[in-house]
Number of protein chains: 2
Amino acid sequence: MDRRVTKKDDGTSGKERPTLKTLAFMTGLGVTTVSRALKDAPEIGAETRRRVQLVAKQIGYRPNRAGVRLRTGKTNVISLVLNTEHELMSFVSDIIYGVTEVIADTPYHLIVTPYSRSQDPLDPVRYLVETGSADGVIISRAQPNDPRARYMLERGIPFATHGRTDMGLVHPYHDFDNYAFAGEAVRYLAGRGRSRLALVTPPVGLTYHGHTVNGFADALSEVGASEVPFNTVSIDQSIEQIRMRTAQLMRRKDRPDGFVSSAAAATLAIVAGIEDAGLKLGRDVDVVSKQSSELLHLFRRELLVVNEDFRLAGSELARAVLGWIGGADPGSLQSLSTPSEVLAYRG
Amino acid sequence: MDRRVTKKDDGTSGKERPTLKTLAFMTGLGVTTVSRALKDAPEIGAETRRRVQLVAKQIGYRPNRAGVRLRTGKTNVISLVLNTEHELMSFVSDIIYGVTEVIADTPYHLIVTPYSRSQDPLDPVRYLVETGSADGVIISRAQPNDPRARYMLERGIPFATHGRTDMGLVHPYHDFDNYAFAGEAVRYLAGRGRSRLALVTPPVGLTYHGHTVNGFADALSEVGASEVPFNTVSIDQSIEQIRMRTAQLMRRKDRPDGFVSSAAAATLAIVAGIEDAGLKLGRDVDVVSKQSSELLHLFRRELLVVNEDFRLAGSELARAVLGWIGGADPGSLQSLSTPSEVLAYRG
DNA sequence: TTGGCAATCTGTAACGTTTCAGTATAGTGA
DNA sequence: TCACTATACTGAAACGTTACAGATTGCCAA
């Protein structure tokens, strides 16, 4: 389909979207001059510059993305790579909003690149890099030895990870301090007289699984509480699985009197399992859980919660990627978010 | 930044991404022939065609999006326009996955275009159309008289709406049959002996608000139940607001003995309000609620639920937009999803 | 006056693709 | 043999942008 209206667009055809040529015609300048004037190049006279920018604003000139991208290779796109099965629901929503918030007044667009359970997590990243579809990439579910991070570092494409890696390679990340979270949770439970604690871990293989486990273990020995092993369960299992396993656990006589849970959805299942076993939350057992939206206290007011802000994570990750694209030192684009105190229901 | 390696790429420089020129060089054909061979043009010899396609596959040729877009105007992008404040959490996540599922084996990318409370909902749509940033658009929160739909129809850009409009204009949509949902809910409650029902409506102004209200009203008179007005509340208010208003309502002596709620988050607040007033779910009052993930039965097993599948919505919307882009009749790209039966907790 | 230089501005080419307007070759009918 | 046509292919131009390598002007030092 050829959309031409006149044989040779002199920029006067009105209806069409204005281009540099349109601006050049209107200002009586050359296309090159207009291009440079718009990006404040120093060799353009101050008045010319102002004039061009004024006209551009007046007629609503917007650079053609395809033109820029073809010429410069710059896509003005950042891609968020998400697992279609295992991401937390609120995570997806909030992180997207966090990212869009930051890129709102930049020329960047956000594309969502999904991958499914069956795929190698490296696939979508490889696709993005090979096709040059984005200037920067955000990935979640970071692993200690993360092939995606390694790959992108090799290829020199800016990226940021949600969660840290542990490969001795430096790259931007944003992470929630899950070591601190687990520690706080244990100390809080100990403060309420709980001494036999079970941990519902993040998915094995992800970096923050280790952080959480360590924080839990270190705090346990600090307060002199003991762990009730619950290794068969992690937060990306199905609600039914977690519920069933929890009920099983709670029917044993060496059952825990406290839980630390790394995700709200898992917590719902844990509570259901506890109640299936005929026990009562707050009396027989306490549960400290992370949550990303303020819903757990509605669910059971006895729940003890720590908030994790995924929207903040999205913003930080976007800032990090943009920073790296902008030439900043990747090592300076790392942030760690400190957990709030454990919150009990008030009122 | 100029990324050229050789003065004139003859397609042999190896490291660079292959282009049509590379293929032309390798096959000994002209660039034009290669281009046409790849898209099965009839005037290319059958053997040549196969040969070109083989080589292309071998070296992993991928058309350059910027090149195509610049030349043809086709972006191979569809944009999902979302409100950053009012969308339901699960909606965002599920609809995105639904869309990506459908476009997974097409050349399309999904970009997320957000707008905030303070903005005119038309803004992001106008931006997309004016900058030609997408071949198709998906919008949510459809209104009976929707300026966005009207605008896109005028501009001739393919789109689909989540929810119907009511302007006498035909365009693709996917909708959940909220009239049927509200009706089912009322009949179910009536079947349990409930006769004084309150409706927690969708946001006023959206089309499905009307559908829900009508379904509710029609079923009420059908079963001979009465409505307890609860117009001060709708599902996009804050949890606290809904909770407080519900508690107020439930302390009155003419309180309802049944609720129909259009969203899970609101339902949590309603239940909290009910319990704040010292009443018990299932005994004093029943609540039928829509939900999009299977969590409400964990929350209170007495809740009665109807499932709405947002992932399906995403898929249907994507299919609709792609269909329209592909030249299908917009009127044939409309779908309505029928609610499941009301589900009580089993087991 | 001349040469040099700084300050501004400009034309051309190129990014990768598709469309247009051909060209070359072989085959057909007279 | 010739004109004609169908088949298979091709180069050039264009989409909108930026980088490169000039051009033009005015001013100043020599």
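Chain letters run A, B, ... following the sequence lines, proteins first, then strands; residues in each count from 1. This is a predicted model, so every value here is computed, not measured.
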Of the listed nucleotides (C:dG11, D:dG16, C:dT17), which one gets closest to any side-chain atom of A:T19?
D:dG16
With respect to the phosphate group of D:dT10, does any side-chain polar atom (N or O) of B:T33 fall under 4.0 Å of OP1 or OP2?
yes
Please tell me whether B:S79 and B:T113 have a donor and an acceptor in their side chains that are separated by less than 3.5 angstrom.
yes
Go through the N and O atoms of the side chain of B:T48 and the base of D:dA8, and report whether any donor-acceptor pair is under 3.5 Å.
no
To the nearest angstrom, the CG-C1' distance between B:N76 and C:dG16 comes to 14 Å
When rounded to whole Å, the NZ to P distance for the pair A:K39 and C:dC9 reads 16 Å
Please evaluate the base of C:dT17 for a donor-acceptor partner in the side chain of B:R71 within a cut-off of under 3.5 Å?
no
Given the structure, check if the side chain of B:S35 and the base of C:dT19 hold any donor-acceptor pair shorter than 3.5 Å.
no
So, do A:Y173 and A:H162 have ring centers that fall under 6.0 Å from each other?
no
Pairwise 5' ranking along DNA chain C for B:R36 and B:Y61, keeping only the more 5' one:
B:Y61
Short side-chain donor-acceptor distance under 3.5 Å, A:R150 and A:N145:
yes
Whole Å only: how far is the CD atom of B:E43 from the P atom of C:dA24?
19 Å
B:Q53 and B:A37 have their tightest heavy-atom pair at NE2-O, 3.1 Å
Are B:T165 and B:D146 close enough, and set up right, to give a side chain to side chain donor-acceptor pair (under 3.5 Å), and what steps lead you there?
CA-CA 6 Å; B:T165 60; B:D146 199 304; over 6 Å; no
If I take atom NZ in residue A:K21 and atom P in nucleotide C:dG11, what distance separates them, rounded to the nearest angstrom?
12 Å
Testing C:dT18, C:dT10, D:dT17 for proximity to the side chain of A:V31, the answer is D:dT17
When the distance from CZ of B:R65 to P of D:dT17 is rounded to whole Å, what number comes out?
19 Å
Starting from the 5' end of DNA chain D, give me the residue, B:G67 or B:G28, whose nearest nucleotide shows up first.
B:G28
Interatomic distance where CG belongs to A:D40 and C1' belongs to C:dT8 [whole Å]:
16 Å
Side chain of B:I44 only, heavy atoms from C-beta on: which candidate in C:dT18, D:dG16, D:dC9 is closest?
D:dC9
What integer distance in Å separates A:E47:CD from C:dA7:C1'?
15 Å
Taking atom P of C:dA13 as reference, at what distance in whole Å does atom CG of A:L20 sit?
19 Å
